[in-house]
Amino acid sequence: METNVIYNEDCLEGMKKLPDDSVDLVLTDPPYLMNYKTNRRKNKNHEFSQTILNDDNPDLIKKYIKECYRILKNDSAFYCFANSNKIDLFKQEIEKYFNLKNIIVWVKNNHTAGDLEAAYGKKYEFILYANKGRSLIKGTRLTDVWEFDKVAGENLIHQNQKPLKLIKRIIKKSSNKNDIVFDGFIGSGTTAIASELLKRKFIGFELDEYEHKKAIKRLGKINKSYYDKLSEEEKPSQLQMF
């Protein structure tokens, strides 16, 4: 399978084309299984008011984690974002195959809304860090509490978009230049952007056609081969953020 491509297809179908032990790092932000959509926006037709595809499909997550183990090289790392609501399922499935090393706490600069009167605002998300074999961390050893600001609302192109600096940290800590980084739910394309900037290769999948087009457009800003394929209307402006 060609690297440095975001494929518009179901990740499980696409992963069948990947050989065993063929990628160097899995960094993934799958559906959190919350069937979540915001009720705060006045415009109920806004794209961020819609539920995420497969956000109610635990079988997908179970099959996906197993496939991630198959395609990942030995002595390599697996990072998976998760929400506290369903972390038990993610942890249980990951531990069937991987050696879970840490549950990293990503502390954000603001908190969720949720039930304003009967629940505390959540200011964190989890990143499950696991090894297939034993993956040595690059550079300075860090704690398992990471502080990164959320992507500001005016810069969001996907409702679950992760900060570029956070994704870059993961890639730098668990891969080398020219390694292949895999993300089966690449969404806004942040994993691809970070991989390009850090001289890694990547393979990504995004099932939602609309989100896929946005990710390609975003990637076109820093990758000439992608940029040249875009129509004039599709080409990103200098104002668009990573």
Side-chain angles (χ1 to χ4, degrees), residues 11-12 26-41 46-69 77-98 100-130 143-153 155-167 169-170 174 182-191 194 204-208 211 215:
C11 60
L12 292 180
V26 174
L27 193 178
T28 192
D29 185 18
Y32 282 2
L33 304 179
M34 295 176 61
N35 208 26
Y36 169 82
K37 68 175 180 180
T38 181
N39 291 314
R40 300 189 68 199
R41 289 184 178 270
H46 191 280
E47 60 182 291
F48 292 176
S49 296
Q50 312 305 311
T51 55
I52 301 294
L53 286 178
N54 286 306
D55 204 19
D56 58 352
N57 187 357
D59 286 340
L60 169 65
I61 300 302
K62 293 175 182 179
K63 293 175 183 176
Y64 176 69
I65 290 172
K66 182 178 181 180
E67 274 294 278
C68 284
Y69 183 83
F78 172 90
Y79 291 82
C80 181
F81 285 84
N83 184 280
S84 60
N85 297 61
K86 297 291 184 180
I87 192 170
D88 287 351
L89 183 147
F90 282 85
K91 182 175 181 290
Q92 177 180 320
E93 293 303 315
I94 288 169
E95 288 182 321
K96 286 181 180 178
Y97 311 101
F98 294 94
L100 183 64
K101 291 289 189 177
N102 293 95
I103 299 179
I104 298 167
V105 180
W106 166 33
V107 181
K108 300 179 280 190
N109 60 320
N110 61 5
H111 57 77
T112 59
D115 187 339
L116 300 178
E117 297 179 339
Y120 298 105
K122 292 180 181 177
K123 199 177 178 180
Y124 64 91
E125 291 182 37
F126 291 130
I127 308 168
L128 292 99
Y129 163 60
T143 72
D144 58 2
V145 178
W146 296 359
E147 295 189 16
F148 287 91
D149 290 355
K150 285 187 66 177
V151 180
N155 296 328
L156 279 175
I157 66 169
H158 188 289
Q159 60 181 305
N160 293 331
Q161 187 172 332
K162 298 301 185 288
L164 179 63
K165 288 182 179 180
L166 171 55
I167 300 302
R169 171 180 283 185
I170 292 172
S174 292
F182 176 84
D183 187 348
F185 300 93
I186 208 162
S188 60
T190 304
T191 299
F205 291 94
E206 176 51 51
L207 180 60
D208 188 305
E211 299 297 344

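What's counted below: heavy atoms across the whole structure, side chains too, no hydrogens, waters or symmetry copies.
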Within the side chain of D144, is there an N or O that forms a donor-acceptor pair under 3.5 Å with the backbone of V105?
-> no

For D149 and P163, work out which heavy atoms get closest and say how close.
-> O-CG, 3.1 Å

Min side-chain heavy-atom separation W106-F81 under 4.5 Å = yes

Distance from Q92 atom CD to I61 atom CD1, nearest 0.5 Å?
-> 13.5 Å

Mark yes or no: K108 above the aromatic ring of F148, with NZ or CZ under 6.0 Å from the six-membered ring centre and no more than 45 degrees from the axis.
-> no

Closest non-hydrogen atom pair, C11 against G184 | CB-O, 3.4 Å

Determine whether L128 and K91 make a side-chain contact, defined as any pair of heavy atoms from C-beta on separated by less than 4.5 Å.
-> yes

If every non-hydrogen atom of K123 is compared with every non-hydrogen atom of N110, which pair is closest and at what distance?
-> CG-O, 3.4 Å

Anything under 30° is parallel, anything over 60° is perpendicular, the rest tilted; go ahead and classify F78 against F98.
-> parallel

Minimum heavy-atom separation for I186 to G204, with atom names?
-> CD1-CA, 3.9 Å

Got a second to check how far I87's CD1 is from E125's CD, nearest 0.5 Å?
-> 11.0 Å

Of the non-hydrogen atoms in K122 and N85, which two are nearest, and what is the gap between them?
-> NZ-OD1, 2.6 Å

Validation row: K66, E93 side chains within 4.5 angstrom (heavy atoms) = no

Please report the C-alpha distance between F185 and Y64 in whole Å, then the side-chain angles of each, then the deciding distance to 0.1 Å, and finally whether the ring pair (Phe, Tyr, Trp, His ring centres under 6.0 Å) criterion is met.
-> CA-CA 10 Å; F185 300 93; Y64 176 69; 4.7 Å; yes

Is there side-chain contact between F182 and L27, with heavy atoms separated by less than 4.5 Å?
-> no

Salt-bridge test for E67 and K63: reply yes if a basic N is under 4.0 Å from a carboxylate O, no otherwise.
-> no

Which value, rounded to the nearest 0.5 Å, describes the distance between I167 atom CD1 and K162 atom NZ?
-> 7.5 Å

Counting distance only, does the side-chain N/O of Q161 pair as donor-acceptor with the main-chain N or O of S188 below 3.5 Å?
-> no

Do K96 and Y69 come close enough that some side-chain heavy atom pair is under 4.5 Å?
-> no

Any side-chain heavy-atom pair of F126 and C80 under 4.5 Å = no

Answer whether the closest heavy-atom distance between the side chains of L60 and L12 falls below 4.5 Å.
-> yes

With a 4.5 Å limit on heavy-atom distance, are the side chains of I65 and Y97 in contact?
-> yes

Heavy-atom closest pair (I127 atom, Y79 atom, distance to 0.1 Å) is CG2-CD2, 4.0 Å

Inter-residue atom distance I103.CD1 - S84.OG, 0.5 Å rounding | 11.0 Å

